[in-house]
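This report concerns only the one structure given below.
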Amino acid sequence: MTDSNPQSPDLHGTGARTQNNFLRDIIAEDVRTRKYGDAQIQTRFPPEPNGYLHIGHAKAICIDFGLADEFGGKTNLRFDDTNPEKEEQEYVDSIQKDVRWLGFQWERLCYASDYFPQLYEWALQLVKTGKAYVDDLSADEIRQHRGTLTEPGKDSPYRTRSIEENLDLFIRMKQGDFPDGSRVLRAKIDMASPNINMRDPVMYRILHASHQRTGDQWCIYPMYDYAHGQSDSIERVTHSMCTLEFADHQPLYRWYIEQLGIFPTQQIEFDRLNITYTLLSKRKLLQLVSEKRVSAWDDPRMPTLCGLRRRGFTPEAIRAFCAAIGASRTNGSTDIEMLEHFQRDDLNRRASRAMAVLHPLKLVIDNYPADKAEFMEVANNPEDPSAGTRQVPFSRELYIEQDDFRELPPPKYYRLSPGKEVRLRNAYFITAQSVVKDSAGNIVEVHCTYDPASRGGNSPDGRKVKSTMHWVSAAHAISAEIRLYDKLFLKPDPSDVEEGQDVLSNLNPNSVEILTGAKLEPSLANARPGDRFQFERVGYFCLDPDSTPANLVFNRTLPLKDSWAKEAGRQQKGSK
RNA sequence: UGGGCGAUCGUCUAAUGGUAGGACAAUGCCCUUUGGAGGCAUUUGUCCAGGUUCGAAUCCUGGUCGCCCAGCCA
C-alpha cells in the first residue's frame with residue numbers, strides 16, 4: 001500500500017482490502033460536494049424474484065450495501081416483481097435468506113408491486129399530457145414497426161389517437177375489458193431514435209395473471225423499464241448501481257423522470273461478474289435445475305449462494321472475494337482460483353482440523369500391544385491456539401491413506417514405503433516392514449514397527465523424518481460418506497460450444513464422486529450440518545444437511561493445495 | 001454496416017499529466033509435526049499508429065479488437 005494507491009479500510013472484517021473503484025470515487029465526490037444536501041446516500045439491491053441468487057449477485061450486493069454503508073447511507077432490498085408469470089414467493093424467501101446470510105441488513109423491504117397504484121397514476125398523467133398512447137398492434141406488428149439496428153422504425157397507425165380515446169382505452173385495459181396481448185400502452189417518444197429503447201417503448205401490457213403479492217388486483221402490469229427508474233425515484237435512491245447492459249436504458253429512465261418531474265436518481269453501470277468454469281445466468285441455472293442436471297438450486301456444485309453455502313463456502317470469504325475483484329466497466333472473466341483462494345484463506349484461519357482417511361489402507365504396528373489404546377492430545381487448529389485441543393484415540397491397527405504408501409516409491413516420494421520411517425501426526429514414528437497382498441496382488445495391509453520413544457511425534461535423539469501422515473484408529477473410527485466435488489463445466493468459458501450444441505455439452509461428467517468407505521476420527525460424530533472442518537492434508541469439508549447420525553455425509557468444499565500432486569503430474573508428463 | 005460502452009502482467013484490478021503498483025496464478029528458494037499454512041525472491045503488462053507536452057496508461061486524431069441493444073423478459 002502506497003500513498004499513491006490508497007485503499008479503503010477493511011470494512012467487513014474479512015481481512016481483505018477493498019480496491020478503489022470508480023463507483024466509490026463518484027459517491028465520494030457527491031458526498032464532498034453535498035450533491036444531495038443533508039440527505040444520506042441511498043442505494044438499493046433490486047433482484048427479480050424469478051430464481052436464486054448466485055455469486056454474481058453477491059458482487060452486486062457487496063457494491064450496493066457495502067458502498068452505502070461506507071458513506072453512512074442505507075440500502076433497500078427491492079423486489080422488481082413486475083412479471084407475475086415468472087416470479088414466485090419461493091424466490092422472494094430465498095433471496096432474503098441469502099442476503100442476510102451474506103451478512104447484510106436492508107433498511108426497507110420494498111416491492112415494485114407496492115408502487116403499482118402510483119405507476120398507474122403516472123401513466124394516466126402521461127396519457128393526459130399526450131406522452132403515451134394505446135397501441136392495438138400485435139406484438140409481431142410492433143416488432144416489425146420497430147425497425148432494426150440500422151434502420152429507423154415506423155410510427156404505429158394508432159400513435160395519433162386522441163387523448164380522450166387513449167384515456168378511455170387505457171382505463172378499460174386496467175378494468176379488464178380486453179384480452180391478453182390485444183393492446184399495450186406505449187410512451188410516445190421517437191420511432192427514429194438510434195437508441196432502440198426510445199422507439200416508443202411499451203409501458204404496460206395486459207396480463208390476466210395472478211401476482212404473488214397483488215393477486216388478481218391487476219390485469220395490466222408495468223414493464224421493467226417503466227417501473228425501475230420510478231421505483232428508485234420513489235425510494236429517493238441517490239446512486240442506482242446496475243450492470244452494463246442497462247446503460248442503453250438510462251435515457252429512457254431519465255425521460256420518464258423528466259416528464260413526471262420526480263426525484264432524479266443517478267444510475268451508474270458496472271461490469272457483470274464472470275468466473276471461469278462457471279455459469280452465471282439465472283436462465284441457464286434454472287435449466288440445470290429443471291432438467292435435473294444438478295440435484296437442486298442448492299446442489300453444492302451450483303454457483304448459487306445456497307449451493308456455495310451447502311458446499312461449505314463462507315459469507316466472509318465471498319465478501320473478501322468481492323472486495324478483491326473490485327468493479328470496473330471492462331468485460332472480463334475472473335479466474336475461479338481467485339474465489340478458491342479467499343475461501344481457503346478464510347477456512348485455514350477458522351476451520352477446526354480433524355483426521356479423516358478417504359481411501360483407507362490398514363496399517364498394523366507389529367510391536368504395539370494388541371490390547372492397548374491411548375489418547376493423543378491434538379491441536380484443534382494450529383493456526384489458532386485458542387481453538388484448544390482434543391483427545392484422539394490411537395491403537396495397534398490404524399487406517400492410513402492408500403496414497404500414503406508405495407511399495408515402489410517414485411523419486412521425491414517422501415511418504416511411507418518399505419524400510420522408510422515417517423511420522424504419524426501427533427503420534428509416533430513408524431517404519432514400514434512388510435505388506436500383505438490379496439490373491440489379485442493388491443496391497444491390503446501394511447505392517448510396520450513404531451518407536452515408543454517418539455510419542456507425540458518427536459524422537460528424543462533428534463532424528464528427522466521427511467513426512468508426516470494422518471491416520472485414524474481402526475477400532476475407534478467412524479464411517480462416513482464423502483462427496484467430492486469438482487468443476488461443473490469442462491471449459492473455462494462454458495458457453496464456448498460447438499455449432500448447434502448448448503452449454504450442457506460442456507458439463508463435466510465427473511463433477512461429483514461419492515466415497516462411501518471413508519474412516520474418520522470419532523470426534524467427527526458430533527458434527528452438525530453446516531459445520532466446517534479441515535481434514536488434515538486432504539481439504540476442507542462441510543457436513544451436509546443430508547447427514548444423519550447413522551450416515552454422516554461430508555461435502556468437500558475445496559481440496560488443500562497439493563504440491564505433491566503437482567510434482568507427480570510433472571513426473572508423469574516428463575515420462576511420456 | 002445505427003447507437004452505447006470498453007481495451008493496463010496469463011487473470012482481476014490500481015495509478016485521475018510526474019517512479020506502471022497490488023491480488024490471484026506461475027517459478028525458485030527458505031521454513032514446516034499438514035508436501036497445508038507461512039516467509040523471501042523472480043518472471044510477465046499500458047491494443048496499434050501518429051500528435052500535444054520537459055514529461056502520456058492518462059489529453060487529441062485516426063485505426064484495430066471486444067461487449068451490449070431490434071421481448072408485450074428483467
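All heavy atoms count here, side chains included; hydrogens, waters and symmetry mates do not. In what follows, every chain begins at residue 1, and chains take the letters A, B, ... in the order their sequences are listed.
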Grab the [atom1]-[atom2] distance between [X] and [N] for me, whole Å please.
X      : N      : atom1 : atom2 : value
A:L424 : B:rU34 : CG    : P     : 13 Å
A:R199 : B:rG3  : CZ    : C1'   : 9 Å
A:F178 : B:rC72 : CZ    : P     : 19 Å
A:D180 : B:rC73 : CG    : P     : 11 Å
A:H249 : B:rA70 : NE2   : C1'   : 11 Å
A:D403 : B:rG36 : CG    : P     : 16 Å
A:I206 : B:rC73 : CD1   : P     : 12 Å
A:R537 : B:rU32 : CZ    : P     : 18 Å

Review point. Are A:R329 and A:D271 close enough for a salt bridge, meaning some N to O gap below 4.0 Å?
Key: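 A:D271 and A:R329: not salt-bridged.
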Check your understanding: Taking the inter-plane angle between the rings of A:Y253 and A:H228 on a 0 to 90° scale, is it parallel (under 30°), tilted (30 to 60°) or perpendicular (over 60°)?
Key ->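 Answer is tilted, since the angle falls between 30° and 60°.
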Exercise for review: Fit a plane to each ring of A:F246 and A:H249, take the angle between them on a 0 to 90° scale, and name the class: parallel (under 30°), tilted (30 to 60°) or perpendicular (over 60°).
Suggested key: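 Correct class here is perpendicular.
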Tell me what [X] touches on the nucleic acid: a base, only sugar-phosphate, or nothing, going by heavy atoms under 4.0 Å.
X      : result
A:D225 : nothing
A:V202 : sugar-phosphate
A:M223 : sugar-phosphate
A:F270 : nothing

Review point. Does the B:rG35 base have a donor-acceptor partner in the side chain of A:R415 within less than 3.5 Å?
Key: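 Under the 3.5 Å cut-off, the side chain and the base do form a donor-acceptor pair.
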Exercise for review: Confirm from the modelled atom types if A:E383 and B:rG36 form a donor-acceptor pair under 3.5 Å, side chain to base only.
Suggested key: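 Checked by distance alone, the answer is yes.
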**Study point:** Anti or syn - B:rG45, cut at 90° from 0
**Key:**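 Anti.
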Which nucleotide sits closest to the side chain of [X]: [options]?
X      : options                : value
A:F342 : B:rU27, B:rG36, B:rA23 : B:rA23
A:T82  : B:rU34, B:rA70, B:rA74 : B:rA74
A:N348 : B:rA15, B:rA37, B:rA74 : B:rA37
A:K561 : B:rU27, B:rU34, B:rA37 : B:rA37
A:T150 : B:rC5, B:rG35, B:rG2   : B:rG2
A:R143 : B:rA25, B:rA70, B:rG35 : B:rA70

Check your understanding: Distance between the P atoms of B:rG63 and B:rG2, in whole angstroms?
Key ->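 Going atom to atom, P in each nucleotide, I get 12 Å.
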Check your understanding: Taking the six-membered ring for Trp, is the centroid-to-centroid distance between A:Y91 and A:Y52 below 6.0 Å?
Key ->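 Aromatic pair counts; centres sit under 6.0 Å.
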Review point. Aromatic ring centroids of A:Y428 and A:Y450 under 6.0 Å?
Key: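 Under 6.0 Å, so yes.
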Exercise for review: Ignoring hydrogens and angles, tell me if any N or O in the side chain of A:R199 forms a donor-acceptor pair with the backbone of A:S193 under 3.5 Å.
Suggested key: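 Looks like yes, one N/O pair under 3.5 Å.
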Point to revise | Over-ring placement of A:R186 relative to A:Y133, 6.0 Å and 45° cut-offs | key: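 Here A:R186 fails the 6.0 Å and 45° test against A:Y133.
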Check your understanding: Is the Lys NZ or Arg CZ of A:R353 less than 6.0 Å from the centre of A:F535's six-membered ring, within 45° of the axis?
Key ->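 Because its charged atom misses either the 6.0 Å distance or the 45° angle limit, A:R353 does not stack over A:F535.
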Point to revise | Given A:R344, A:R532, A:Q343, the one that forms side-chain contact (heavy atoms from CB on, under 4.5 Å) with A:Y540 | key: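 The passing option is A:R344.
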Could you write out each protein N or O paired with an N or O of nucleotides 45-47 of chain B at a distance under 3.5 Å?
none

Practice item. Could you check A:D271 against A:E87 and say which one's nearest nucleotide on RNA chain B is further toward the 5' end? Key: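 It is A:D271 whose nearest nucleotide is closer to the 5' end.
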Review point. Name the stems with RNA chain B in them: runs of three or more consecutive Watson-Crick or G-U pairs, distances under 3.5 Å?
Key: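 RNA chain B forms these stems: B:2-7 with B:64-69, B:10-13 with B:21-24, B:26-30 with B:38-42, B:47-51 with B:59-63.
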Practice item. Kindly state which residues belonging to residues 330-339 of chain A come within less than 4.0 angstrom of RNA chain B, counting heavy atoms of the residue only, listed by number. Key: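 Within residues 330-339 of chain A, the residues near RNA chain B are A:T330, A:N331, A:G332, A:S333, A:T334, A:D335, A:E337, A:M338.
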